[in-house]
Amino acid sequence: MRFNRSRSRLPIGIQSFRKIREDGYYYVDKTGFALQLVREGTHYFLARPRRFGKSLFVSMLRELFEGRRELFEGLEAHGQWDWTVRYPVVLLSFGRRSFSNPQHIKRTLAAQLHGIERRENLRSPFDSGPERLADLLENLHGQTGRRVVVLVDEYDKPILDTLDEPKMARANRDLLRGLYSVIKDCDDHVQFCFLTGVSKFSKVSLFSGLNNLEDITLDPTFSSICGYAEADLDSVFADRIEGLDRERVREWYNGYGWGAAERVYNPFDVLLLLKRRTFQPWWYETATPSFLIDLLAEKRFPWHQLDGLRASDEILSRFDVGDIAPEALAFQSGYLTILERRDLDDGPTYRLGFPNREVRQSLNRALLATLPGAAGKREAERMRLSEVLRAGDVEGLENRIRSLLAGIPYQWHRQNPMGSFEGWYASLLYAYFASTGAEVQAEESGSLGRADLCVRAFGRVYVFEFKMRERAGAETALGQIRARGYADRYRGRGEPIHLVAVEFSAKTRNVTRFEAELD
């Protein structure tokens with residue numbers, strides 16, 4: 001087989017390893033990870049956000065085990081794989097359709113099993129998915145003399161598609177639990193097993209019958225098994241990346257991590273950027289995280305605490321129908337990532353945060369959109385705020401904050417008592433500033449305490465302290481910023497630093513005092 005070596009085609013939306021290799025698309029070599037998985041174990045689970053290359057990796061595994069040597073020419077696996085051995089492969093994918101109808105999952109499973117049976121000249125006497133899968137694994141092993149490789153892509157999509165209908169989600173979950181338990185029951189017939197998905201459902205709820213899976217989601221060794229590393233942009237995409245501001249590319253799309261120090265890029269973003277040459281939230285625009293936003297509202301989760309929050313393994317894996325921690329959903333769906341890992345005596349803890357500008361800006365715009373009022377007016381407010389920050393207009397900044405708060409109807413405040421607390425204003429203004437693309441940090445540590453909000457935008461720094469008039473003590477907000485050294489960490493960078501003290505009132509639901517000075 002001859003490959004097109006021009007390497008001029010970008011594999012946008014292509015999940016077929018064979019198509020990428022045969023038609024000469026760019027490919028970042030992930031075959032080394034496949035070799036490592038095969039050498040070190042047999043049953044694996046990997047969770048990654050949507051459009052991160054999971055399906056392509058599964059497709060590559062299929063071609064590898066089926067012995068398609070010609071597709072691996074020039075790749076790491078080519079000279080390290082025994083091409084004389086070919087394994088039967090059962091690949092099930094649930095990423096191809098929506099599962100809003102209770103019959104969709106059964107039809108999808110039946111169609112895929114039928115397709116494999118027809119290809120292998122087999123016929124099952126069973127109708128239900130679990131019995132049919134067990135029969136298929138046993139017969140393939142007996143027919144070929146080789147144990148079967150089982151690959152399941154987007155294992156959780158039938159559940160995720162129906163989370164807003166818990167009864168249907170539980171029914172889909174229970175069906176899948178029975179299906180996946182077959183893999184362990186038929187272990188004598190299984191050579192290798194690899195499941196991928198977006199979310200890590202609790203083992204009790206979904207994997208109780210498949211508890212021999214090794215979860216490599218947070219294994220630092222496999223942190224870059226999906227996504228593009230910095231070195232990939234310099235090598236594989238060297239001819240395409242030329243002319244783009246690399247620091248801006250990092251700011252917009254880099255920053256994802258799963259336990260290792262190395263950060264990776266979202267591949268979908270990189271490919272669209274290389275094609276369109278413009279910086280836009282390409283990945284975010286493919287799906288609005290409405291369920292996450294609704295869950296944050298339902299749990300009254302403080303928006304500003306998303307960036308920099310601490311979580312344990314237990315929190316990040318607390319994911320089941322009717323029991324989803326907002327931070328777990330935000331992390332597993334790709335809106336938060338691991339910024340830092342600490343291994344303590346009682347287990348690892350993680351500091352989570354937004355991976356990059358695309359996610360920080362886009363998600364906070366979506367959060368602001370949940371406020372009542374015309375969408376056009378909110379967008380106009382955001383654009384005016386951006387202009388004020390660009391100009392360093394502190395007086396205009398006060399006007400913008402007042403205008404934002406004045407636009408929230410009285411009736412909304414009656415239903416949301418959080419408006420009586422500083423944290424609510426911190427959350428609101430965090431989202432307001434972050435929606436412009438500014439670098440925002442809540443509760444930033446200073447010499448003797450934490451500032452409520454720090455904003456870096458257009459070469460300037462704004463250090464905020466908020467107080468509720470009804471709870472204000474003798475110390476003024478501006479005096480607190482000075483006395484506790486909130487601006488210390490920003491000094492010496494050559495950026496103007498504005499100290500901003502804002503006092504709110506629970507009665508007027510707006511600013512009652514605004515003071516600012518240049519540090």
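Just so you know, these numbers use all the heavy atoms, side chains as well, and skip hydrogens, waters and symmetry mates.
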According to ring-ring contact (aromatic ring centres under 6.0 Å, His included), who are the partners of Trp303, at least two apart in sequence or on a separate chain?
none
Step through the shown structure and confirm whether more than 12 heavy atoms of other residues, nucleotides or ligands are within 6.0 Å of CZ on Arg119.
yes
Is there a side chain to side chain contact (heavy atoms under 4.5 Å, CB included) between Leu336 and Leu309? Walk through the geometry before answering.
CA-CA 10 Å; Leu336 294 180; Leu309 67 83; 4.2 Å; yes
For Arg177 and Leu175, what are the C-alpha separation, side-chain angles and deciding distance, and is it a side chain to side chain contact (heavy atoms under 4.5 Å, CB included)?
CA-CA 5 Å; Arg177 179 168 52 195; Leu175 188 152; over 6 Å; no
Taking the side chain as C-beta and beyond, is there a heavy-atom pair between Lys30 and Leu56 under 4.5 Å?
no
How far apart are the closest heavy atoms of Pro49 and Val198, and which atoms are they?
C-CG2, 4.3 Å
Donor-acceptor under 3.5 Å (Arg351 side chain, Ala311 main chain)
no
Determine whether the aromatic ring centres of Tyr350 and Phe331 lie less than 6.0 Å apart.
no
Parallel under 30°, tilted from 30 to 60°, perpendicular over 60°: which one fits the rings of Phe433 and Phe464?
tilted
Salt bridge present between Glu154 and Arg50 (N-O < 4.0 angstrom):
no
Is there a donor-acceptor pair closer than 3.5 Å between any side-chain N or O of Arg96 and the backbone N or O of Phe94?
no
Using the side-chain contact (heavy atoms from CB on, under 4.5 Å) rule, pick out the option among Leu306, Ile338, Asp307 that qualifies with Leu352.
Ile338
Is there a side-chain contact between Leu428 and His304, using heavy atoms and a 4.5 Å cut-off?
no
Are Glu358 and Arg360 within salt-bridge range, i.e. N to O under 4.0 Å?
no
Give the minimum heavy-atom separation between Pro220 and Ala260, together with the two atoms involved.
O-CB, 3.6 Å
Evaluate salt bridge (Lys or Arg N to Asp or Glu O under 4.0 Å) for Arg400 paired with Glu381, printing each intermediate quantity in order.
CA-CA 7 Å; Arg400 297 275 56 80; Glu381 284 287 353; 3.3 Å; yes
The test is ring-ring contact (aromatic ring centres under 6.0 Å, His included); show your working for Trp283 and Tyr335 and say whether it passes.
CA-CA 11 Å; Trp283 173 79; Tyr335 299 103; 5.3 Å; yes
If I compare all heavy atoms of Ile315 with all of Glu327, which pair ends up nearest, and what's the gap?
CG2-CG, 3.2 Å
Looking at CG of Leu151 and OG of Ser59, how far apart are the two atoms once the value is rounded to the nearest 0.5 Å?
9.5 Å
For Phe222 and Phe33, take the angle between the two ring planes, folded into 0 to 90°, and tell me which bin it lands in: parallel under 30, tilted 30 to 60, perpendicular over 60.
tilted
Can you tell me how far OH of Tyr425 sits from CG of Leu453, rounded to the nearest 0.5 angstrom?
15.0 Å
Quick one: does Lys54's side chain have a donor or acceptor within less than 3.5 Å of a partner on Leu46's backbone?
no
Before accepting this row, confirm whether a basic side-chain N of the pair Asp320/Arg173 lies closer than 4.0 Å to the acidic partner's carboxylate O.
yes
Just verifying a value: how many Å separate Ile293 CD1 and Leu329 CG, rounded to the nearest 0.5 Å?
10.5 Å
When rounded to the nearest 0.5 Å, the distance separating CZ of Phe354 from OH of Tyr256 is 11.0 Å
Output all residues satisfying salt bridge (Lys or Arg N to Asp or Glu O under 4.0 Å) with Arg147, sequence neighbours left out; order by chain, then residue number.
none
Using a 3.5 Å distance criterion without hydrogens, assess whether the side chain of Asn356 forms a donor-acceptor pair with backbone atoms of Tyr253.
yes
In sequence, state the C-alpha distance, the side-chain angles, and the governing distance for Leu133 and Val150, and then conclude on side chain to side chain contact (heavy atoms under 4.5 Å, CB included).
CA-CA 10 Å; Leu133 176 60; Val150 180; 5.8 Å; no
Salt-bridged, Lys200 to Asp215, with N to O below 4.0 Å?
yes
Within this structure, what is the CD-CD1 distance for the pair Glu40 and Ile216, rounded to the nearest 0.5 Å?
10.0 Å
Go through the steps for Asn364 and Tyr432 under the test side chain to side chain contact (heavy atoms under 4.5 Å, CB included), then give the verdict.
CA-CA 7 Å; Asn364 280 284; Tyr432 192 34; over 6 Å; no
Main chain of Glu165, side chain of Thr162: is a donor-acceptor contact present, judged purely on distance under 3.5 Å?
no
Do Val148 and Gln191 make a side-chain contact, defined as non-hydrogen atoms from C-beta onward lying under 4.5 Å apart?
no
Where the side chain of Asp232 meets the backbone of Ala229, is there a donor-acceptor pair that is under 3.5 Å apart?
yes
Under 6.0 Å between ring centres: does that hold for Phe268 and Phe52?
no
Determine whether a donor-acceptor pair (N or O, by modelled atom type, separation under 3.5 Å) exists between the side chain of Lys157 and the backbone of Arg97.
yes
Taking Phe194 as the fixed residue, which of Phe65, Phe57, Tyr155, Phe45 is the one that meets the ring-ring contact (aromatic ring centres under 6.0 Å, His included) rule?
Phe57
N-O pairing of Arg357 and Glu251 below 4.0 Å:
yes
Between Thr508 and Asn510, a side-chain donor and acceptor under 3.5 Å
no
Do Leu136 and Ile116 come close enough that some side-chain heavy atom pair is under 4.5 Å?
yes
So do Arg51 and Thr286 actually touch side chain to side chain, heavy atoms under 4.5 Å?
yes
For Asp127, I'd like to know if atom CG has over 12 heavy atoms of other residues, nucleotides or ligands within 6.0 Å.
no
Would you say Arg263 and Thr337 make side-chain contact, with heavy atoms under 4.5 Å?
yes
Backbone N/O of Leu367 and side chain of Thr370: donor-acceptor pair under 3.5 Å
yes
Can you label the angle between the Phe192 ring and the Tyr44 ring as parallel, tilted or perpendicular, going by 30° and 60°?
tilted
Looking at every heavy atom in both Ser199 and Asp156, which two are closest together, and how far apart are they?
N-OD2, 2.7 Å
Look at Glu340 together with Arg310 and state whether they make a salt bridge at an N to O cut-off of under 4.0 Å.
yes
What distance separates Leu113 CG from Arg118 CZ, expressed to the nearest 0.5 Å?
12.5 Å
Which atoms form the tightest heavy-atom contact between His189 and Leu137, and what is the distance?
CB-O, 3.9 Å
Between His43 and Asp187, is any side-chain donor less than 3.5 angstrom from a side-chain acceptor?
yes
Can you find a heavy atom in the side chain of Ser435 that is under 4.5 Å from one in the side chain of Gln361?
no
For the residue pair Phe466 and Phe504, is the inter-centroid distance of their aromatic rings smaller than 6.0 Å?
yes
Salt bridge between Arg132 and Asp135, side-chain N to carboxylate O under 4.0 Å?
no
Does Thr196 reach the main-chain N or O of Asp153 with its side chain, forming a donor-acceptor pair under 3.5 Å?
no
Check whether any side-chain heavy atom of Pro158 sits under 4.5 Å from a side-chain heavy atom of His104, and report yes or no.
no
